[in-house]
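Notes follow the structure.
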There are 2 protein chains.
Amino acid sequence: MFSELEKNLRQHITLTTDEFDRVKRYFVPKKLRRKQFMLEASDVCTRMAFVSKGALFSYSTSEKGSINVVQFAFESWWMADLYSFFTEEPSKLYIEALEDSELLLLKADRLQPLLADVPAMETYLRILYQNAYVALQRRLEETIGLTAEQRYLRFMERDGRLLLRVPQHMIASYLGVTPETLSRIRKQVS
Amino acid sequence: MFSELEKNLRQHITLTTDEFDRVKRYFVPKKLRRKQFMLEASDVCTRMAFVSKGALFSYSTSEKGSINVVQFAFESWWMADLYSFFTEEPSKLYIEALEDSELLLLKADRLQPLLADVPAMETYLRILYQNAYVALQRRLEETIGLTAEQRYLRFMERDGRLLLRVPQHMIASYLGVTPETLSRIRKQVS
DNA sequence: GGGAAGTGTTGATATATATCAATGCCATTC
DNA sequence: GAATGGCATTGATATATATCAACACTTCCC
């Protein structure tokens, strides 16, 4: 249950067996069935989730009911609305299970105690945010600077395998185009 | 010269006088005249800059020579291409002084020693990345989910004062529209 | 002082992408 | 196994925004 987490932590920091045993105690396992929610808009996001199995995705909704996919999270990825998590303001996002999933939850009020208990986790979190930041910056640059077709091609190079697990209209939303447009782009490209 | 930095650090972490004296030693002051570069594309970004006076902005260029503004940084903001900084890959960004500026530079190879010397800085950096991340996420959501006019209005609410120090066509680029479109939006709105 | 460069505006037109609508295809479920 | 709902595709049309071009205004400098 914790092996994915352990592997991921050890990729970035060194931990003694004893330290990792302590780390584990700050997490709460949770299973989620497909279409169940980890977070609903207007709630405060009080937990970060480490995905040990399955997949989640987060999205916001427009006035007209359409959805905007913000992020996907598969095995060994983290998911949360960090904005709400840190500011404690109500989230504008939904976080939903794309597949039956197993999560390890870290509650906001357990974060500081964890960092005090195992200081190396401070480094891990910094690296985590670093990586999240640079991924987001690249995505923003692509969204602003590239056409829909170019964005699709970049996406395929990097995350093409996601098409096996994610419906196409969600990819479209993630890329910032309509499902129809993505369909036409795919036809064009092939 | 260091007072802006001290103020900013102490907003997020507690430091003894001795600790801050040590922190200072890791930074190199640097002045930049308007239009001078702190970073040019294809160079590796080896330094993070704390802006103690003036203003910087970063941008990428398209094949056609047009520019895409990624970020502005005024007094007490940080500026770098974090992607290049952490991966040590050549940057795709230019970082240029918008005004005559005074910077405090932290070189990449001084970061680890600093964090080892003053562990509270690890917390500071985590908070810095946290904030940078949530700001970026909000911007991405707005870029994908809102029309140009809505983006402009949000921008004005939050950062309207920037118009006093930044040419309008750079704001346009930051918002992801052409200068002509921004001009028309402003006329419309007023 | 006068040219040059940078800046913002306005108009005419072009284009990428959205929207609306219809169709077919699976997969699920009762 | 018929019915239902989610999903991808295709066509016709609409719309937001870009592009191209011209013009005025300021500011920078030689």
Side-chain angles (χ1 to χ4, degrees), chain A residues 33-36 55 57 59-69 72 94 96-100 141-156 160 162-190, chain B residues 33-37 55 57 59-69 72 94 96-100 142-156 160 162-190:
Chain A
R33 304 296 300 271
R34 182 173 137 84
K35 304 217 176 189
Q36 284 188 316
F57 71 112
Y59 59 94
S60 59
T61 57
S62 71
E63 322 81 53
K64 298 180 176 168
S66 66
I67 76 169
N68 276 67
V69 174
F72 298 104
Y94 296 82
E96 185 182 326
L98 194 60
E99 310 168 355
D100 295 351
E141 283 171 38
E142 290 183 0
T143 301
I144 289 184
L146 302 181
T147 65
E149 180 173 326
Q150 290 170 321
R151 293 203 300 280
Y152 171 71
L153 291 172
R154 294 274 181 99
F155 171 84
M156 286 305 290
L162 262 61
L163 267 180
L164 300 173
R165 292 172 73 178
V166 181
Q168 192 171 303
H169 69 274
M170 286 189 193
I171 305 282
S173 171
Y174 178 80
L175 291 174
V177 298
T178 58
E180 294 95 327
T181 296
L182 182 55
S183 173
R184 281 185 258 261
I185 286 170
R186 282 165 57 81
K187 190 171 147 190
Q188 189 91 14
V189 164
S190 65
Chain B
R33 304 296 302 270
R34 183 173 136 83
K35 304 215 173 192
Q36 284 188 315
F37 289 90
F57 71 111
Y59 60 93
S60 59
T61 57
S62 72
E63 323 79 54
K64 297 179 177 168
S66 66
I67 76 169
N68 275 63
V69 173
F72 298 105
Y94 295 83
E96 184 182 327
L98 194 60
E99 309 168 356
D100 294 351
E142 291 183 0
T143 301
I144 288 183
L146 302 181
T147 65
E149 180 173 324
Q150 291 170 320
R151 293 203 301 279
Y152 170 71
L153 291 172
R154 293 274 180 99
F155 171 83
M156 286 305 289
L162 264 61
L163 267 181
L164 300 173
R165 292 173 72 178
V166 181
Q168 192 173 303
H169 69 272
M170 287 189 192
I171 305 283
S173 172
Y174 179 81
L175 290 174
V177 297
T178 58
E180 295 94 326
T181 295
L182 181 56
S183 174
R184 280 185 258 262
I185 286 172
R186 283 164 57 80
K187 191 171 147 189
Q188 189 91 13
V189 164
S190 64

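Just so it is clear, the structure is predicted and the values come from calculations on it, not from any experiment.
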Of all of residues 165-179 of chain A, which get a heavy atom below 4.0 angstrom from DNA chain C, listed by number? A:G176, A:V177, A:T178
Let me confirm one number: the CD1-CZ distance from B:I144 to B:R151, rounded to the nearest 0.5 Å. 10.5 Å
Determine to 10° how strongly the helix from C:dG1-D:dC30 to C:dC30-D:dG1 is bent, judged from the axes of its five-pair ends. 40°
Once you round to the nearest 0.5 Å, how far does CG of A:L153 lie from OG1 of A:T147? 8.0 Å
List the residues meeting side-chain hydrogen bond (donor to acceptor under 3.5 Å, both in side chains) with A:E141, not counting sequence neighbours, and say none if there are none. A:Q137
Partners passing ring pair (Phe, Tyr, Trp, His ring centres under 6.0 Å) against A:F57 (at least two apart in sequence or in another chain): A:Y59
Listed once per pair and sorted, the salt bridge (charged side-chain N to carboxylate O under 4.0 Å, His left out) pairs that draw on residues 181-190 of chain B, sequence neighbours left out: none
Between the side chains of A:D100 and A:R34, is the shortest nitrogen-to-carboxylate-oxygen separation below 4.0 Å, so that they form an ion pair? no
With A:R154, which residues qualify under salt bridge (charged side-chain N to carboxylate O under 4.0 Å, His left out), at least two apart? A:E142
Of A:R151 and B:E180, the one whose closest DNA chain C nucleotide lies more 5': B:E180
Applying salt bridge (charged side-chain N to carboxylate O under 4.0 Å, His left out), name anything that partners B:E96, two or more places apart in sequence or on another chain. none
Any chance you could list the contact pattern along nucleotides 25-30 of chain D? Use B for base contacts, S for sugar-phosphate-only contacts and - for none, protein heavy atoms under 4.0 Å, 5' to 3'. ------
N/O donor-acceptor pairs under 3.5 Å from side chains in residues 171-182 of chain B, not counting sequence neighbours:
from   : atom 1 : to     : atom 2 : distance (Å)
B:S173 : OG     : B:I67  : O      : 3.1
B:S173 : OG     : B:V69  : N      : 2.7
B:T178 : OG1    : B:T181 : N      : 3.2
B:T178 : OG1    : B:T181 : OG1    : 2.9

In residues 182-190 of chain A, what residues come within less than 4.0 Å of DNA chain D, judged by heavy atoms? A:S183, A:R184, A:K187
Distance under 4.0 Å to a non-hydrogen atom of chain B counts as contact; along DNA chain C, which nucleotides mark the start and end? C:dT7 to C:dA12
List the residues meeting salt bridge (charged side-chain N to carboxylate O under 4.0 Å, His left out) with A:E99, not counting sequence neighbours, and say none if there are none. A:R165
